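Worksheet: one structure, shown below.
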Amino acid sequence: MSEPAASFTDEEYAFLRHVRYGELPPRVSPEERAESTETDSRPDRPDPAGGESEWHLRAGG
């Protein structure tokens, strides 16, 4: 039987995150925050195509 793997401390996990992702950007203060007012469709997703029967066909139903 093998021994269980040693767990990292919080400080070690913080160091590994820093090595992998680098320095975090500065924190945004509440005065600099703005409410999102997105009204257009998302540019990274296409508009749905076809009718309901095609949606069921694609979903496998």
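No experiment lies behind these values; they were computed from the predicted model shown.
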> Partners of Ser7 by side chain to side chain donor-acceptor pair (under 3.5 Å), sequence neighbours excluded?
Replying inline: none

> Looking at residues at least two apart in the chain, or sitting in another chain, which of them share a side chain to side chain contact (heavy atoms under 4.5 Å, CB included) with Ser53?
Replying inline: none

> Can you name the side chain to side chain contact (heavy atoms under 4.5 Å, CB included) partners of Glu32, sequence neighbours left out?
Replying inline: Val28, Ser29

Using distance only, find each side-chain donor-acceptor pair of residues 12-24 under 3.5 Å and give its atom names and separation, not counting sequence neighbours.
{"from": "Glu12", "atom 1": "OE1", "to": "Thr9", "atom 2": "N", "distance (Å)": "2.8"}
{"from": "Glu12", "atom 1": "OE1", "to": "Thr9", "atom 2": "OG1", "distance (Å)": "3.4"}

